[in-house]
Amino acid sequence: MMAVQQNALGHVRYVLKDGLKFLPLYGWYFSQHGGIYVKRSAKFNEMRMKNKLQSQMKAQTPMYLVIFPEGTRYNPDIPKVIADSQSFAIKEGLPVLKHVLTPRVKATQIAIETMQNYLDAVYDVTVAYEKTTTQSGQRKEAPSMTEFLCKECPRIHITVERIDVKDIPKEQGFMRRWLHERFEIKDRLLTEFYEATDPEKRNTFPGEGHVAKLSLKKTMPSFFILTAITAGMLCTETGRKVYMNTWIYGTLIGCIWVSIKA
């Protein structure tokens, strides 16, 4: 949503968990579009990530590289993930976080280290959702796209802080501390957002904000083009065969390609 408003939708690249490369067609697409697949275990391949980033820089690709340092979603309905994250923080001697998971530093460190002369800044983005707490004040799972479009979640609140890349420590120990401190700030923001006793402070971030609406001119043309092409193919027997064969064989070839190249 932010990229659309900045005319930069085609410049977004993601660091993705390795299992997503097997998504039908999309796994191949993300890889070809500059996505970087990483494993969250000890099998994390630093050199592969560096090579992918260097190829993007060599091509002078303008981009936003999106990283989710938590590694997985915060979901109150899966308390084991939250408990494991908090246990990891205790083990590492770090403050325990309540509304976010303990960030893992490896991918962030490699990205900043590899691209420090290519990037201007890191943008720390924190997202919160209205009407995602129970009557007792307990957080619920973040809304799905369907729930958001049906206005079960009226608004999404986003706060962004720009950090100049030269202000970020390079040594891994200091970077881990810096990254955790960023998540401590997120945790305080989200605690106030979801738990503030003052109703005027709840469901809002501090400071003056503004409502950002998505322009239909920027979003609807691609929707109509995709819908028209898909509907046109499904209306004929030949089109349906082409459609199914594309998904089946495209997925198989894509999985093989990504397994070799990603």
Side-chain angles (χ1 to χ4, degrees), residues 14-23 36-46 49 66-112 122-148 152-153 156-161 163 168-169 172-198 201-206:
Y14 291 92
V15 175
L16 304 154
K17 62 181 179 182
D18 191 66
L20 292 177
K21 69 184 181 185
F22 298 113
L23 278 176
I36 301 170
Y37 293 110
V38 297
K39 294 185 178 180
R40 295 179 293 188
S41 64
K43 296 179 180 178
F44 185 97
N45 192 321
E46 294 185 29
M49 182 175 179
V66 181
I67 299 179
F68 299 88
E70 291 165 286
T72 191
R73 291 177 296 166
Y74 179 100
N75 187 346
D77 295 334
I78 310 178
K80 184 180 185 304
V81 172
I82 300 172
D84 288 346
S85 173
Q86 293 174 341
S87 296
F88 178 78
I90 293 171
K91 177 184 175 183
E92 297 294 318
L94 299 168
V96 174
L97 306 172
K98 182 178 181 181
H99 286 286
V100 291
L101 302 178
T102 304
R104 305 303 174 100
V105 72
K106 183 63 72 176
T108 303
Q109 182 198 10
I110 291 172
I112 294 174
V122 169
Y123 290 86
D124 183 358
V125 182
T126 305
V127 183
Y129 308 89
E130 285 189 11
K131 290 193 175 180
T132 51
T133 54
T134 63
Q135 290 185 343
S136 62
Q138 296 297 312
R139 272 186 71 181
K140 296 187 291 185
E141 185 180 6
S144 66
M145 181 62 74
T146 303
E147 290 168 338
F148 176 65
E152 292 182 34
C153 167
I156 295 174
H157 294 254
I158 303 171
T159 180
V160 183
E161 184 173 348
I163 304 157
I168 300 172
Q172 183 172 345
F174 291 113
M175 182 174 285
R176 171 179 288 187
R177 181 68 257 182
W178 170 84
L179 185 61
H180 198 85
E181 286 173 354
R182 296 306 314 173
F183 272 75
E184 289 174 47
I185 293 171
K186 289 178 183 291
D187 202 48
R188 289 194 291 271
L189 284 169
L190 293 171
T191 298
E192 188 77 2
F193 185 93
Y194 290 115
E195 300 181 14
T197 53
D198 184 348
K201 292 184 178 180
R202 197 180 308 142
N203 285 329
T204 186
F205 284 132

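We use all heavy atoms of the structure for the numbers below, so side chains are in, but hydrogens, waters and symmetry mates are not.
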Scanning both residues in full, the closest heavy-atom pair of Lys106 with Phe44 reads CG-CE2, 3.4 Å

To the nearest 0.5 angstrom, please state how far the CG atom of Asn45 sits from the OH atom of Tyr37.
-> 15.5 Å

Apply salt bridge (charged side-chain N to carboxylate O under 4.0 Å, His left out) to Asp18 and list each qualifying residue two or more places apart in sequence or on a separate chain.
-> Lys21

Glu152 side chain near Lys131 side chain, heavy-atom distance below 4.5 Å | no

Under the salt bridge (charged side-chain N to carboxylate O under 4.0 Å, His left out) rule, collect the residues that match up with Arg176, sequence neighbours excluded.
-> Glu92

Taking the side chain as every heavy atom from C-beta outward, state whether Val81 and Asn75 have any atom pair closer than 4.5 Å.
-> no

Taking only residues two or more places apart in sequence, or in another chain, which ones meet Lys80 in a salt bridge (charged side-chain N to carboxylate O under 4.0 Å, His left out)?
-> Asp84

With sequence neighbours excluded, what pairs up with Gln138 under the side-chain hydrogen bond (donor to acceptor under 3.5 Å, both in side chains) test?
-> none

One should read off an interatomic distance between Leu97 CG and Ile82 CD1, to the nearest 0.5 angstrom, of 11.5 Å

Are Glu161 and Lys186 within salt-bridge range, i.e. N to O under 4.0 Å?
-> no

Roughly how far, to the nearest 0.5 Å, is CG of Asp124 from CD1 of Ile163?
-> 5.0 Å

Should we say atom CZ of Phe205 is surrounded by more than 12 heavy atoms from elsewhere, each under 6.0 Å from it?
-> yes

Does a side-chain N-to-carboxylate-O contact under 4.0 Å join Glu195 and Lys98?
-> yes

Not counting sequence neighbours, which residues clear ring pair (Phe, Tyr, Trp, His ring centres under 6.0 Å) with Tyr194? List them please.
-> His99

For Thr134, check side-chain hydrogen bond (donor to acceptor under 3.5 Å, both in side chains) against everything at least two apart and list the hits.
-> Ser136

Non-hydrogen atoms of Tyr129 and Thr132 that approach each other most closely | O-OG1, 2.7 Å

Considering residues at least two apart in sequence or located in another chain, which fulfil the salt bridge (charged side-chain N to carboxylate O under 4.0 Å, His left out) criterion with Lys201?
-> none

Counterpart residues, side-chain contact (heavy atoms from CB on, under 4.5 Å), relative to Ile185 (two or more places apart) | Arg182, Arg188, Leu189

Closest heavy-atom pair and its distance - Ile158, Val125 = CG2-CG1, 3.7 Å

Relative to each other, are the rings of His157 and Phe193 parallel, tilted or perpendicular (30° and 60° limits)?
-> perpendicular

Minimal non-hydrogen separation, Met49 against Ala111, with atom names = CE-CB, 4.1 Å

Taking all atoms of both residues into account, what is the closest heavy-atom pair of Cys153 and Phe148, and its distance?
-> O-CD1, 3.5 Å

Does the pair Phe88 and Arg104 meet the rule for a side chain to side chain contact (heavy atoms under 4.5 Å, CB included), with working shown?
-> CA-CA 10 Å; Phe88 178 78; Arg104 305 303 174 100; 3.8 Å; yes

Side chain of Thr102, backbone of Ser85: donor and acceptor closer than 3.5 Å?
-> yes

Residue pairs passing the salt bridge (Lys or Arg N to Asp or Glu O under 4.0 Å) test with at least one member in residues 135-144, sequence neighbours excluded, are Arg73-Glu141

Separation between CG (Asp187) and CD (Glu192), nearest 0.5 Å, reads 12.0 Å

Taking all heavy atoms of Phe183 and all of Leu101, pick out the closest pair and write down the distance.
-> CD2-O, 3.8 Å

Residues forming a ring pair (Phe, Tyr, Trp, His ring centres under 6.0 Å) with Phe22, sequence neighbours excluded = none

Residues two or more places apart in sequence or in another chain: which of them pass side-chain contact (heavy atoms from CB on, under 4.5 Å) with Thr204?
-> none

Under the ring pair (Phe, Tyr, Trp, His ring centres under 6.0 Å) rule, collect the residues that match up with His180, sequence neighbours excluded.
-> none

